[in-house]
A.B. asks: 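I have a structure here, written as structure tokens, and I will follow up with some questions on it.
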2 protein chains.
Amino acid sequence: MLLENQVCFDVHAASRALDGVYRKELRELGLTYPQYLAMMVLWERQPVTVKELGVALRLDSGTLSPLLKRLEAAGLVRRERSAADERSVLVRLTSEGAGLRRRALEVPGRIFEATGLDLAEVIELQGTLRRLTAALDEASR
Amino acid sequence: MLLENQVCFDVHAASRALDGVYRKELRELGLTYPQYLAMMVLWERQPVTVKELGVALRLDSGTLSPLLKRLEAAGLVRRERSAADERSVLVRLTSEGAGLRRRALEVPGRIFEATGLDLAEVIELQGTLRRLTAALDEASR
DNA sequence: ACCAATTTAGTTGTGCACAATCAAGTTGCC
DNA sequence: GGCAACTTGATTGTGCACAACTAAATTGGT
């Protein structure tokens, strides 16, 4: 049961290492990695409800609520109750939030470079991780 | 720059999914996943300094100090200043902590099962992740 | 022998993550 | 129409993670 033999540790370590690189790349944008993920969803489509964001990012409201409040405090998004369904909160970009996209476009390329992987490896890795995540989600239910 | 295309998100998601499975498996042992990692190091060798634990787990003292305090509060480890070097803190298992190992031995097998991967895939994945982590550590420096 | 630089833990502050719980609103069933 | 079940977000509490800083002890150069 040696630590060295457990792939779980490697997943965990890789995740934190990624976080470190993003921290560096996103510092000038004033975003953390999870905030950047949320912004990516919003750059693709808006408005979205907190629920939809949670599905896209696999995060619950206990994580998203304070995160979105910080984005709102930073002036990047606005939140308002849906008129159609008062239970829902719609999240929209401010013009400042929308404008941040241009600067963010360069990030994925720089991250890809930092991974040191080639495209085939990335695709292979991605496939394995997705199957892994699906199996794990099933198992923790 | 679609979220769906970014392998980073998959690493992040897999890491959290793993955490979920460990949370379930470790609940009866009263350990969290990072605590379990620390215990694994201690089951292999002891005493270890906080520094050595940090190197093994890639964690800094800001994470380890409170974690070890919780393990001490749970009665699983003892901490004491090294006589040889007063800067160092030696962490040892209590007999209760050592005894926990027997019950923990079953965990890796159950986790492996939950991953749904075969051995070849695990080894492949592990190799890729280690190269990835090394490259990322280099890049965030 | 002395002092500066380094090493080692700890503390504080910020933010992510999830479980458990609550409140408010909606929907469906009778 | 009225009520139970469900949906949606927010809140609280616990724990992980790291940056920045502090404190104490050791080491090395002169």
Side-chain angles (χ1 to χ4, degrees), chain A residues 9 11-24 26-27 30-38 47-55 57-74 79-91 136-137 140-141, chain B residues 9 11-24 26-27 30-38 47-55 57-74 79-91 136-137 140-141:
Chain A
F9 179 72
V11 174
H12 202 240
S15 175
R16 281 167 27 232
L18 254 171
D19 211 67
V21 175
Y22 271 110
R23 195 185 307 273
K24 186 182 173 191
L26 293 174
R27 183 187 306 270
L31 294 174
T32 65
Y33 179 51
Q35 287 169 6
Y36 167 75
L37 293 178
V48 294
T49 64
V50 175
K51 173 71 175 176
E52 289 167 339
L53 256 183
V55 170
L57 303 179
R58 296 166 170 274
L59 292 173
D60 68 8
S61 65
T63 301
L64 283 175
S65 286
L67 184 153
L68 291 171
K69 278 186 185 173
R70 284 186 286 271
L71 288 179
E72 188 170 45
R79 296 181 304 147
E80 54 192 25
R81 291 269 161 198
S82 163
D85 185 341
E86 284 285 335
R87 293 171 304 180
S88 301
V89 168
L90 294 175
V91 184
L136 293 171
D137 280 348
S140 69
R141 201 158 300 154
Chain B
F9 178 72
V11 175
H12 201 241
S15 175
R16 283 185 293 125
L18 255 173
D19 211 67
V21 175
Y22 271 110
R23 195 186 307 273
K24 185 181 173 190
L26 294 175
R27 184 186 305 271
L31 294 174
T32 64
Y33 178 52
Q35 288 168 6
Y36 167 74
L37 292 178
V48 294
T49 65
V50 175
K51 173 71 175 176
E52 288 166 340
L53 257 182
V55 170
L57 304 179
R58 296 165 169 273
L59 292 172
D60 70 6
S61 65
T63 300
L64 283 175
S65 287
L67 185 153
L68 291 171
K69 277 186 186 172
R70 284 185 285 270
L71 287 180
E72 188 170 45
R79 294 181 306 146
E80 55 191 23
R81 290 271 160 197
S82 162
D85 185 338
E86 284 285 334
R87 293 171 303 179
S88 300
V89 168
L90 295 174
V91 183
L136 292 171
D137 279 349
S140 69
R141 203 158 299 151

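Residue numbers begin at 1 in each chain, while the letters A, B, ... track the order of the sequences.
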A.B. asks: Measuring from the side chain of A:Val50 (C-beta onward, heavy atoms only), which nucleotide among D:dA10, C:dG10, C:dG15 has the closest atom?
C.D. replies: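 Given the options D:dA10, C:dG10, C:dG15, the side chain of A:Val50 is closest to D:dA10.
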A.B. asks: Does A:Thr63 reach a base, just sugar-phosphate, or nothing at all? Heavy atoms under 4.0 Å.
C.D. replies: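 Base, at least one base atom sits under 4.0 Å.
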A.B. asks: Taking side chain to side chain contact (heavy atoms under 4.5 Å, CB included) as the test, write out the residues that go with A:Glu52, two or more places apart.
C.D. replies: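 Counting only residues at least two positions away or on another chain, A:Glu52 forms a side chain to side chain contact (heavy atoms under 4.5 Å, CB included) with A:Arg45, A:Val48, A:Thr49.
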A.B. asks: Return the set of residues passing side chain to side chain contact (heavy atoms under 4.5 Å, CB included) with A:Val21 (not counting sequence neighbours), or none when no residue passes.
C.D. replies: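 Counting only residues at least two positions away or on another chain, A:Val21 forms a side chain to side chain contact (heavy atoms under 4.5 Å, CB included) with A:Glu25, A:Ile111, A:Ala114, B:Leu136, B:Ala139, B:Ser140.
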A.B. asks: Does a side-chain N or O from B:Lys69 land closer than 4.0 Å to OP1 or OP2 of C:dT11, or not?
C.D. replies: yes
A.B. asks: I'd like to check the side chain to side chain donor-acceptor pair (under 3.5 Å) partners of B:His12; sequence neighbours left out, ordered by chain and number.
C.D. replies: none
A.B. asks: For A:Arg87, give me all partners under side chain to side chain contact (heavy atoms under 4.5 Å, CB included), at least two apart in sequence or on another chain.
C.D. replies: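 Scan of A:Arg87 (side chain to side chain contact (heavy atoms under 4.5 Å, CB included), adjacent residues dropped) gives A:Asp85.
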A.B. asks: Among residues 11-19 of chain B, which ones have heavy-atom contacts with DNA chain C below 4.0 Å?
C.D. replies: B:His12, B:Arg16
A.B. asks: Hey, can you pull the residues of residues 79-89 of chain B with a non-hydrogen atom under 4.0 angstrom from DNA chain C?
C.D. replies: B:Arg79, B:Arg81, B:Arg87, B:Ser88, B:Val89
A.B. asks: Please report the distance, rounded to the nearest Å, between CZ in B:Phe9 and C1' in C:dA17.
C.D. replies: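 That distance rounds to 14 Å.
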A.B. asks: Would you classify A:Ser61 as touching base, sugar-phosphate or nothing, given that sugar-phosphate means primed atoms plus P, OP1 and OP2, and contacts are heavy atoms under 4.0 Å?
C.D. replies: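 Base: the residue A:Ser61, judged by heavy atoms under 4.0 Å, touches a nucleobase.
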A.B. asks: If the condition is side chain to side chain contact (heavy atoms under 4.5 Å, CB included), which residues does B:Asp137 pass it with, not counting sequence neighbours?
C.D. replies: A:Ala17, B:Arg58, B:Thr133, B:Arg141
A.B. asks: Sequence neighbours excluded, which residues qualify as side chain to side chain donor-acceptor pair (under 3.5 Å) partners of A:Glu86?
C.D. replies: none
A.B. asks: Can you name the residues that form a side chain to side chain donor-acceptor pair (under 3.5 Å) with B:Arg81, not counting sequence neighbours?
C.D. replies: none
